[in-house]
Colleague: 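Sharing a structure below in structure tokens format, with a few things to ask.
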Number of protein chains: 2
Amino acid sequence: MGERVYATYWVETAYPLLQAVEALAGEQSSGTFVKVPGETPELKERSGARIERLTELDAVGEPSLPGAGAPKAAAEWRRAEAEISWPLDNMGPSLPNLLATVAGNLFELKQFSGLRLLDLRLPEAFRDAYPGPRFGVEGTRRLAGVARLPLVGTIIKPSVGLSPEQTAAAVDRLAAAGVDFIKDDELQADGPHCPFDERVDAVMRVINAHAERSGKKVMFAFNLTGEMDEMLRRHDRVLQAGGSCVMASLHSVGLPGLTALRRHSQLPIHAHRNGWGLYSRSPAIGVSYVAWQKLWRLAGADHLHVNGLRNKFCEADESVLASARECLTPLFAGAGRGCEAMPVFSSGQWAGQAFDTHARLGSADLIHAAGGGIVAHPGGPEAGVASIRQAWEGALAGRTAEDVAAEHAEFRQALETFGP
Amino acid sequence: MGERVYATYWVETAYPLLQAVEALAGEQSSGTFVKVPGETPELKERSGARIERLTELDAVGEPSLPGAGAPKAAAEWRRAEAEISWPLDNMGPSLPNLLATVAGNLFELKQFSGLRLLDLRLPEAFRDAYPGPRFGVEGTRRLAGVARLPLVGTIIKPSVGLSPEQTAAAVDRLAAAGVDFIKDDELQADGPHCPFDERVDAVMRVINAHAERSGKKVMFAFNLTGEMDEMLRRHDRVLQAGGSCVMASLHSVGLPGLTALRRHSQLPIHAHRNGWGLYSRSPAIGVSYVAWQKLWRLAGADHLHVNGLRNKFCEADESVLASARECLTPLFAGAGRGCEAMPVFSSGQWAGQAFDTHARLGSADLIHAAGGGIVAHPGGPEAGVASIRQAWEGALAGRTAEDVAAEHAEFRQALETFGP
């Protein structure tokens, strides 16, 4: 009792700010467009959403999004940050119902020509109701046998079109090159051309053989995205074959899907955020990953994609770093209850990003995934992997890219090939 | 073999159009940023996405979204409609994996300053793999005992804060007023203040009592949104209590969640699209509901929210009608295999919209849900319900609002109270 959920929004409106935000708070709790019987002051006091803070920002001369209303002769669309809180009793500690409250029927409200969910603060009841990641940073490091450096990862390419045996052959080359981590592409799950079970069997034969020789088992994230029963069955197949990771596309499986997978899973869950552009591309509508990843961590994501510095997509470096920092920031106080997830840096990555990624993140608890940065290294994949490890060793020792290039041929070649 | 998935996009780019769309097709199939071994011409021919059509539209002098790249001295951002196809073999008939292909890592591509998914065409393999709605229009009409007119629906308000007994008391008044359909608010699922099971028991006592007296059982959509196991258990509770409908928030439960619910369910599934504004508010990024609702119909939605004419949200009437028409358009040829869902018109609705909704949709196969339009009718809820039925009877008989107002006091009062 008394616990509340807090959400912070960026809003833009032609109406008086407080009036517009009050409409949002009303619509998302006990209010309605028309006064109805039963909406007593006591009920509003008990169940109504509350405006905790309203900070006015800038103003613009035109609405950012079409469709919003405006008072007659409106000349200014004002922007603000608004923190709103709800009694936990409205929805209980339930992620799917939290979503309907903090990111439901509010993006369409006529009051707003812009609305973004920036952040969430959840009461500890959510921590008690949800499992969070089973492995997180520490468990992933243990399973992958990587103590200190980031996991050096890569992805199977071409994304689709390889048979299970061709996939296994690619894994064979990458494992021989020394990678710690390999993932399926998000386009490859259980297509008729590369059935999941056959891929698991073929790939794990190769990985297990390497592990017998070297003592090191490459972590392969098998993309088990599918229907509920398929996902649980596929997880078991990976587990039985000796695999150490499964992957799911978050927006494809949904929150209850991920939670059910997590409750069943005995392996780390590598969470792919494809589709994220829908939430992030417009500055005027969407959800911040700082808020979004909290839901998926509670549901059980062990690894979360955050894009990478100087990536090939549209996201700015500051946004990538904010996401990664948030993944590593405890959601709740108390040892082992922070639900930290391992951020996955990918897209356009090679050895060179190690220096500024480390300097700006202040951590090496991440997966550094490179495609071309490994397989297109002129010295071959082994040199590509080596160049990334050299860069991170250097970064952790406080040395510069120039220092490392002077010392290591593999990194020097990477710099010449992929550098600016 | 040979079957393909087709998706149509609206795109905006500063790059040569064909080159930009080719990047999308490559990224979402066998291509990658850097040429990799194994990407043979045979593999590309077999697994690559294909550009089926590229229709240039207008051009603008500034990018609609920030973050996109542009060639040096770009002065024009050109827009086009692009149809792209994929071999079904890339993903198989799997909705979660279809989503990662047609609405995955493409919204963030640097080539585009705008990208919207407009439509989808799916091969019949999806029809064979998915159940579709179990009840649809015909089954809903049968369960609700409404043969010809739209179901006259309403929603429990205040949205949250009522106890189970207070909810049941509201249902008692609304059932006495003669409504066909009542739904929980999407904010109300299983909060500690109004637990699901107690609400079902209290509400069904009232509904069953009315049904014994009148022979008509009001259809109540109980919002069972939650975790997978909770949803299935809650469904069973509704079924055992004699209920005839369950409701789920689509974006909260995800595609595998809805499919699993549908495979278990013996009741119509009322699908709430809260959060839809995220996909629809920006003209530059998002997904059309014409495309989106196809996925949810395949997964099993019987009723789909489409907003309403002259609604209180930001959506234009043309968009509402396009969505509703699409829900009633068969997805596949062949009797009983069209997966048609019943569109739910709501938001700012009263009797008056019956005339143009019917004229422009050409159908009465819908749920016409009014809140204030029923409970705030000056003659009371019974008059509110009567006014909506009078309007639809008139509309179906080809009469005008003026005709109906001249004849029926309830509709006349509604017109005076809610009309323009």
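This one's a predicted model, so the numbers in the text were calculated from it and none came from an experiment.
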Colleague: Looking at A/H193, A/M91, A/R281, which one has more heavy-atom pairs under 4.5 Å with chain B than the rest?
Modeller: A/R281
Colleague: With a 4.5 angstrom heavy-atom cut-off, which part of B/W276 approaches chain A: side chain, backbone, both or neither?
Modeller: both
Colleague: Within the structure provided, determine whether A/N105 and A/Q28 are in side-chain contact (heavy-atom separation under 4.5 Å).
Modeller: yes
Colleague: Any idea which heavy atoms bring A/S346 and A/N311 closest together, and the distance?
Modeller: O-CB, 4.4 Å
Colleague: Which heavy-atom pair separates A/K157 from A/S159 by the least distance, and what is that distance?
Modeller: NZ-OG, 3.3 Å
Colleague: Anything under 30° is parallel, anything over 60° is perpendicular, the rest tilted; go ahead and classify A/Y279 against B/Y279.
Modeller: perpendicular
Colleague: Salt bridge or not between A/D190 and A/R234? Use side-chain N to carboxylate O under 4.0 Å.
Modeller: yes
Colleague: Select, from B/S47, B/C314, B/G191, the one with the greatest count of heavy-atom pairs under 4.5 Å involving chain A.
Modeller: B/C314
Colleague: Measuring only between side-chain heavy atoms, which start at C-beta, is A/W86 closer than 4.5 Å to A/S29?
Modeller: yes
Colleague: Heavy-atom distances under 4.5 Å only: say whether B/E42 touches chain A with side chain, backbone, both or neither.
Modeller: neither
Colleague: Where is the tightest heavy-atom contact between B/S252 and A/A100, given as atom of each residue plus distance?
Modeller: OG-N, 4.0 Å
Colleague: So which part of B/F196 gets closer than 4.5 Å to some heavy atom of chain A, the side chain, the backbone, both or neither?
Modeller: neither
Colleague: Do you know which of B/T225, B/L88, B/L258, B/L98 has the most heavy-atom pairs with chain A at a distance under 4.5 angstrom?
Modeller: B/T225
Colleague: Counting only heavy atoms closer than 4.5 Å, note whether B/R46 contacts chain A via side chain, backbone, both or neither.
Modeller: side chain
Colleague: Less than 4.5 Å to any heavy atom of chain B: does that hold for the side chain of A/L162, its backbone, both, or neither?
Modeller: both
Colleague: Let's test your reading of the structure: which of B/T259, B/V287, B/L255 forms the most heavy-atom pairs below 4.5 Å with chain A?
Modeller: B/T259
Colleague: Which atoms of B/L187 are under 4.5 Å from chain A, going by heavy atoms: the side chain, the backbone, both sets, or neither?
Modeller: both
Colleague: Tell me which of these, A/V253, A/L65, A/L278, A/L99, has more heavy-atom pairs under 4.5 Å with chain B than the rest.
Modeller: A/L278
Colleague: What class does the angle between the rings of B/H272 and B/H305 fall in, given that below 30° is parallel, 30 to 60° is tilted and above 60° is perpendicular?
Modeller: tilted
Colleague: If you count heavy-atom pairs under 4.5 Å with chain A, which of B/P283, B/G69, B/P66 comes out on top?
Modeller: B/P66
Colleague: Closest heavy-atom contact between B/P131 and B/A299?
Modeller: CG-O, 4.1 Å
Colleague: Between chain A and each of B/G277, B/P96, B/G92, B/G286, count heavy-atom pairs under 4.5 Å; write down the option with the most.
Modeller: B/P96
Colleague: Where does B/D229 contact chain A at under 4.5 Å (heavy atoms): side chain, backbone, both or neither?
Modeller: neither
Colleague: Answer with side chain, backbone, both or neither: which region of B/A316 has an atom nearer than 4.5 Å to a non-hydrogen atom of chain A?
Modeller: neither
Colleague: In terms of heavy-atom proximity below 4.5 Å to chain B, should A/L43 be classed as side chain, backbone, both, or neither?
Modeller: side chain
Colleague: Check this for me, if you would: do B/R273 and B/E315 make a salt bridge, where the nitrogen-to-carboxylate-oxygen distance has to be below 4.0 angstrom?
Modeller: yes
Colleague: Using only atom types and a distance under 3.5 Å, with no angle test, would you say the side chain of B/S347 pairs donor to acceptor with the backbone of B/K312?
Modeller: yes
Colleague: Measure distances from B/A68 to the heavy atoms of chain A and classify the residue's part below 4.5 Å as side chain, backbone, both or neither.
Modeller: both
Colleague: Which bit of B/L115 is near chain A, if near means a heavy-atom gap under 4.5 Å: side chain, backbone, both or neither?
Modeller: neither
Colleague: In terms of heavy-atom pairs under 4.5 Å with chain A, which of B/G104, B/P93, B/S64, B/S113 leads?
Modeller: B/G104
